[in-house]
Asker: 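Okay, handing you the structure first.
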Amino acid sequence: MPHRDVVSATAAIGALTRSGRHRDAVALFSGILGDGIVPNEFTFGTILQSASALRDLRVGAQLHACVAKLGLCSNVFVGSALVDHYAKMGSVREAQGALQDTREPNVVSYTALIAGFLKNGMSGDAARLFRCMPERNVISWNAMIGGSSKAGLNEEAVNLFLEMCREGVRPNESTFPCLLTSVANAGALGVGRSIHASAIKFLGKLDVFAGNSLVSFYARCGSLDDSVLAFKKIKNKNVVSWNALICGYAQNGRGEEALDAFRRMKATGLKLDRVTLLGLLFGCNHAGLVDEGYSLFRTAEMEQPGVLRPEHYACVVDLFSRAKRFDDAKRFLENLPFEPGIGFWKSLIGGCQIHWNRELAKSVAKHIHALDPKDTSSYILLSNVYSAAGSWQDVSMIRREIKEKGLKRITGCSWIEVQNQVHVFFNGDRRHPKSDDIYMMLESCLNSEEDEDCLV
DNA sequence: ATAGGGTTAG
């Protein structure tokens, strides 16, 4: 059916965009141009979304040219759609240009650019623009909170949320998913509990998005009971809800419970996806359920080969090598349907470390250094294998090599939350204000442990 | 009889 006017054509394009048929939307747009119908600002608003979804800069540029020819660049509606498109494509400069072309940019235009800044690692620019934009609504706050959270600025995300509440802006259901993820990243159980309470206060009931992040948040903070409780409260559980639960069990070393949750998930008629499988394999890994894990992998390989990704194969290598089944690991590695990346060899060398397999570790380290001469962790792992095996000469050789090549190791850290304050510690860290007391306590703990050993 | 910015699981 041909579209006679721009209104019905725009409606048809919009329907295609919303149902994810982006190629068809673009084709229909070209069609109506051919029919001599002149698109309006709403037409561009919807078709630019399809261009973003297709990640097609060429289509975007053609649309922009078309906008310019029609003299619509200064239109605020078209302008914000262009800003959004360029921001989503990672072309921040063009997004800024589109905002400058807009005669009277509004809260939507600014929010689109702020989201673009954050997505492209320009959080400073995002914050500056956010502070000076003429008007802010809940969506702009959500963009800042979500963007900061995704950029790893967890504390910033929480502070923004508090500030938003102080300014009297009511959070909505989109505020909480990212915020809870940030709090989980920070491991701040107490802060998360208050945010949970505030979500209930503002929203009454939580939707599946907030519910899912809550399940994951509690699990990642080690509070599995609360995680299960949050899971039970979700009305329309989807695969993400189950994944949050399964991964929570897996991360806390509860492999059997992860498997059991998976059985219940299947009973509801849901199929596993790549995250489910990853969580299950991870859970089996940490609980030593080698055969169970491998059989899950094989089943998925037969029934849903589409979900398999290199990281699943890497998990299987991990599974075998942790269990000291190096022959199985090597055979599996030799039969991969793709070239193994560096992570595969790292899995294997990790197992070598646990089981003191010096010879295998040496040959695996060669593979790793061939793929990435700057990889520090494999040097460290290799030196750990040597020191576990008592080959001190090899250890000092590796240490010298690390030093000569100027490699930096990424230091692991741990943290603890006390009264809503998260305290972070690195190895040998003395920066904490109560460092002396902490080390004194640590000494006395270590000493009493020794005493116990003596008694035994 | 059309519409724009923000959301979950590893």
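Everything numeric in this text was worked out from a predicted model, so none of it was measured. Quick note on labels: first sequence line is chain A, next is B, and so on, each numbered from 1.
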Asker: Quick test of your reading: applying ring-ring contact (aromatic ring centres under 6.0 Å, His included), list the pairs with at least one residue in residues 126-157 of chain A, sequence neighbours left out, ordered by first then second residue.
Answerer: A:Phe130-A:Trp141
Asker: Just to be sure I understand the rule, does A:Arg136 reach a base, reach only the sugar-phosphate, or reach nothing, if contact means heavy atoms closer than 4.0 Å?
Answerer: nothing
Asker: Mind running a 4.0 Å heavy-atom check of residues 275-313 of chain A against DNA chain B and sending the residues that fall below it, in number order?
Answerer: A:Val275, A:Leu278, A:Glu311
Asker: Can you sort out the partners of A:Tyr110 under ring-ring contact (aromatic ring centres under 6.0 Å, His included), two or more places apart, ordered by chain and number?
Answerer: none
Asker: Looking at A:Arg193 and A:Asp226, does any basic side-chain N land under 4.0 Å from a carboxylate oxygen?
Answerer: yes
Asker: Side chains of residues 98-105 of chain A: which donor-acceptor pairs under 3.5 Å do they make with residues two or more places apart or in other chains?
Answerer:
from	atom 1	to	atom 2	distance (Å)
A:Thr102	OG1	A:Ala98	O	2.8
A:Thr102	OG1	A:Leu99	O	3.4
A:Arg103	NH2	A:Ser74	OG	3.2

Asker: Once you apply a heavy-atom cut-off of 4.0 Å, does A:Asn137 come out as touching a base, just sugar-phosphate, or nothing?
Answerer: base
Asker: Residues from residues 258-273 of chain A sitting under 4.0 Å of DNA chain B, heavy atoms only?
Answerer: A:Asp273
Asker: Taking side chain to side chain donor-acceptor pair (under 3.5 Å) as the cut-off, I'd like each qualifying pair that reaches into residues 77-95 of chain A, sequence neighbours left out, listed once.
Answerer: A:Ser52-A:His85, A:His64-A:Tyr86, A:Asp84-A:Lys88
Asker: Check every strand shown and say whether A:Gln251 touches a base, only sugar-phosphate, or nothing at a heavy-atom separation below 4.0 Å.
Answerer: sugar-phosphate
Asker: Applying side chain to side chain contact (heavy atoms under 4.5 Å, CB included), can you list everything that pairs with A:Ala250, at least two apart in sequence or on another chain?
Answerer: A:Phe282
Asker: Tell me which donor-acceptor pairs under 3.5 Å the side chains of residues 161-172 of chain A have, and how far apart each pair is, sequence neighbours excluded?
Answerer:
from	atom 1	to	atom 2	distance (Å)
A:Glu163	OE1	A:Arg131	NH2	3.4
A:Glu163	OE2	A:Arg131	NH1	2.8
A:Arg170	NH2	A:Phe202	O	2.8
A:Asn172	OD1	A:Asn142	ND2	3.0
A:Asn172	OD1	A:Ser174	N	3.0
A:Asn172	OD1	A:Thr175	N	3.4
A:Asn172	OD1	A:Thr175	OG1	3.2

Asker: For a quick test of your reading: what N or O donor-acceptor pairs under 3.5 Å do the side chains of residues 323-335 of chain A make, sequence neighbours left out?
Answerer:
from	atom 1	to	atom 2	distance (Å)
A:Arg325	NE	A:Asp328	OD2	2.9
A:Arg325	NH1	A:Asp291	OD1	3.2
A:Arg325	NH2	A:Asp328	OD2	3.3
A:Asp328	OD1	A:Arg331	NH1	3.3
A:Asn335	ND2	A:Arg331	O	3.0

Asker: What contact category does A:Lys237 fall into here, base, sugar-phosphate, or nothing, at under 4.0 angstrom with non-hydrogen atoms?
Answerer: nothing
Asker: First and last nucleotide of DNA chain B touching chain A, 5' to 3', heavy-atom cut-off 4.0 Å?
Answerer: B:dA1 to B:dG10
Asker: Hey, could you give me each pair passing side chain to side chain donor-acceptor pair (under 3.5 Å) that has a residue in residues 307-316 of chain A? Not counting sequence neighbours.
Answerer: none
Asker: Distance-only check: which donor-acceptor pairs under 3.5 Å involve side-chain atoms of residues 41-48 of chain A, not counting sequence neighbours?
Answerer:
from	atom 1	to	atom 2	distance (Å)
A:Thr43	OG1	A:Thr10	OG1	2.8
A:Thr43	OG1	A:Asn40	N	3.0
A:Thr43	OG1	A:Asn40	O	3.3
A:Thr43	OG1	A:Asn40	OD1	2.8
A:Thr46	OG1	A:Thr17	OG1	3.3

